[in-house]
Amino acid sequence: MALDFSLTAAAPETVDTDCLVLGLFQDGSLGTAARQIDQISGGAIGRVIASGDASGKLGSHTLLFALPGVRATRVLLVGLGEPAKFNAGTFHRAVHDSMRALRNLPVDNALSTLTELEVASHDFAWKLRCAALAADAQAYRYTATFKPRSEAEPKRLARIAFVATDEAAGQEALTQARAIANGVRFARELGNLPPNLCNPAHIAAQARTIADQHAGVSLEVLEREDMAKLGMGSLLGVAQGSANPPKLIALRWQGGGSAKPFALVGKGVTFDSGGLSLKPGAGMEEMKFDMCGAAGVLGAFLAAVELKLPLNLVCVVPAVENMPDGNSYRPSDVLTSLSGLTIEVLNTDAEGRLILCDALTWTAQTFDPQVIIDAATLTGACVVALGKHASGLMTQDEELAEQLLAAGTRTHDRAWRLPLWDDYQSQLDSGFADVANIGGKYAGAITAGCFLARFTQGRRWAHLDIAGTAWEEGRKGLATGRPVPLLTQFLIDRCA
Ligand code: BES
Ligand code: MN
Ligand code: ZN
């Protein structure tokens with residue numbers, strides 16, 4: 001469950017809250033609410049600044065208790081950095097920092113005044129939604145596979161209020177924030193779940209729950225035999241080494257009359273061992289996150305349905321496990337895809353494109369969508385190219401590129417475009433089939449995109465490589481829920 005978000009028009013000093021959040025710039029200047037609180041409390045904030053206990057540096061924060069004339073139990077002073085450099089990026093950073101500071105405090109509710117700070121060319125609705133999503137992202141905890149605690153749980157942030165400067169715009173922003181937060185939480189939870197629990201059948205069951213809980217949503221799940229009849233030799237090749245049977249999952253939302261649907265397709269490899277081209281042991285555990293594309297498109301679908309967006313949407317997830325086995329597909333196998341193109345497998349670890357190509361062909365054939373967007377943890381090369389901050393965007397459609405980049409910028413779920421020029425296609429030449437499944441040592445993210453492009457000819461299609469952005473690395477790294485914000489914003493924008 002996402003946090004409870006609300007608006008308040010009351011003067012901040014009169015609000016009974018566990019924590020009042022105020023902004024402080026590095027030059028000692030204060031936001032409107034902070035200035036007001038300083039006056040009411042007889043200069044208490046000014047004294048904390050003068051003593052050097054609060055610097056206003058970006059990333060810093062200071063916790064104060066029992067200010068005279070202020071009803072809040074605590075006041076959190078959040079550093080905003082230099083006023084001249086305060087922009088959308090530093091605002092985003094400050095709202096995340098403030099909520100991270102609350103994470104481990106025994107605080108059940110808070111009131112943030114940061115949404116009243118001026119951010120050049122960003123309106124109140126943007127600031128509010130950004131702050132609400134930051135609060136929810138920082139409050140999230142993964143608990144699914146720990147022993148249940150018997151002691152009483154400590155207080156944790158459950159409710160957050162924001163100072164309202166525009167009630168109507170504020171309510172709409174919070175409605176969007178709730179839907180996106182629920183989508184992000186869904187994606188994070190599914191991503192974090194271990195692969196012995198989160199297998200293809202579990203993802204199908206999650207899709208079933210989404211369909212059961214929302215009017216207007218229908219679900220179809222193709223089993224191995226259904227896919228065999230259709231001729232999805234590429235997807236089934238990957239799946240054949242696993243004891244967990246594959247599922248091809250399709251959710252539909254009918255919100256837009258007879259218009260052609262938008263289609264989201266997400267890579268759902270519930271564990272990627274590499275198959276016979278086995279991955280090294282170190283870091284292999286991170287490959288439980290190889291279904292984060294699936295989690296992301298399902299999360300965005302959930303958000304779109306919760307917002308009842310007036311459009312038609314399909315969400316397709318090929319869910320498989322990539323395992324070494326006596327029955328595994330092998331390097332040098334030639335697979336016949338649903339499209340009819342044959343594929344020479346030169347590395348069984350390049351499995352994502354092999355399940356996506358059949359899912360993309362099927363999506364195009366079955367739903368005749370106006371746009372197809374896939375999201376996939378597709379290549380380590382994308383992480384080398386762009387690091388952990390930007391998802392890789394590949395498309396030959398200029399307008400679609402602009403729209404997706406804009407949606408990513410607005411939600412701070414950013415993508416960066418890589419070229420999909422035909423010049424790269426020859427790297428996929430094969431002596432034994434129409435196409436090889438790997439493209440050599442250069443431009444691995446792009447050649448993976450080029451492979452998918454062969455299966456989306458004549459379609460408006462874009463590919464998001466989220467290998468770097470879908471989870472935080474390290475032993476305690478969690479799924480991020482990206483690209484749920486980007487995809488949901490893209491869909492919201494198509495309704496404007
Ligand atoms: N799921 C991986 C990509 C990946 C690797 C994502 C590391 C995040 C971190 C994908 O299936 C894969 O193994 N790709 C190979 C492709 C190669 C064999 C051409 C890769 O990136 O090494
Ligand atoms: Mn792989
Ligand atoms: Zn993979």
Side-chain angles (χ1 to χ4, degrees), residues 191 195 198-200 203 234-235 237-239 241-242 244 246 265-296 317-324 328-333 343-359 374-392 394 418 424 427-430 435-452 463-474 477-480 482-483:
C198 180
N199 53 30
I203 299 185
S234 186
L235 188 160
V238 177
S242 171
N244 291 306
V265 179
K267 172 179 174 183
V269 174
T270 60
F271 188 72
D272 181 12
S273 69
L276 292 179
S277 311
L278 193 64
K279 286 183 182 291
M284 198 199 275
E285 71 284 356
E286 292 199 16
M287 286 299 115
K288 75 167 183 178
F289 292 118
D290 212 18
M291 35 56 67
C292 283
V317 168
V320 310
E321 189 181 41
N322 186 24
M323 296 293 267
S328 285
Y329 78 136
R330 320 152 188 78
S332 75
D333 276 1
I343 304 163
E344 184 186 15
V345 178
L346 291 175
N347 189 318
T348 63
D349 197 12
E351 84 298 340
R353 63 198 77 181
L354 296 176
I355 67 168
L356 284 169
C357 69
D358 277 349
D374 79 73
T377 50
L378 206 60
T379 65
C382 191
V383 196
V384 173
L386 297 174
K388 303 284 291 176
H389 302 291
S391 302
M394 282 152 265
L418 300 173
Y424 294 95
Q427 286 181 242
L428 294 169
D429 285 351
S430 160
V435 61
N437 83 326
I438 56 172
K441 65 179 173 181
Y442 301 132
I446 294 170
T447 52
C450 284
F451 181 94
L452 298 178
H463 161 59
L464 284 168
D465 192 331
I466 58 167
T469 55
W471 72 91
E472 229 85 70
E473 70 188 335
L478 293 173
T480 59
R482 293 176 71 178

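Computed from a prediction, not measured in an experiment: that's the story for all the values here. Order of listing sets the numbers, starting from 1, for every ligand and every atom in it.
- Applying the side chain to side chain contact (heavy atoms under 4.5 Å, CB included) test between K267 and each of V320, V317, L356 identifies L356 as the sole match.
- The heavy atom nearest to atom 12 (C) of ligand 1, considering only V384, N322, D349, L346, is found in D349.
- Note on D272: its N/O/S atom closest to the Zn ion (ligand 3) is OD2.
- Every atom of ligand 1 with a heavy atom of M287 under 4.0 Å away is listed here by number and element: 1 (N), 4 (C), 5 (C), 6 (C), 7 (C), 8 (C), 9 (C).
- For ligand 1, the atoms sitting less than 4.0 Å from at least one non-hydrogen atom of K279 are 12 (C), 13 (O), numbered in the order shown with element in parentheses.
- Considering backbone and side-chain atoms alike, D290 places an N or O below 3.5 Å from some N or O of ligand 1.
- For the Zn ion (ligand 3), the nearest N, O or S atom contributed by D290 is named OD2.
- Taking a cut-off of under 4.0 Å to the non-hydrogen atoms of K267, the atoms of ligand 1 that pass are 1 (N), 10 (C), 11 (O).
- Minimum-distance N/O/S atom of E351 relative to the Zn ion (ligand 3): OE2.
- The Zn ion (ligand 3) has no N, O or S atom of G352 inside 2.8 Å of it.
- The protein reaches atom 14 (N) of ligand 1 closely, with a heavy atom under 4.0 angstrom from it.
- For the Mn ion (ligand 2), the N/O/S atoms of D272 include one lying under 2.8 Å.
- Here D349 contributes O and E351 contributes OE1, and at the Mn ion (ligand 2) these two atoms make an angle of 70°, given to 10°.
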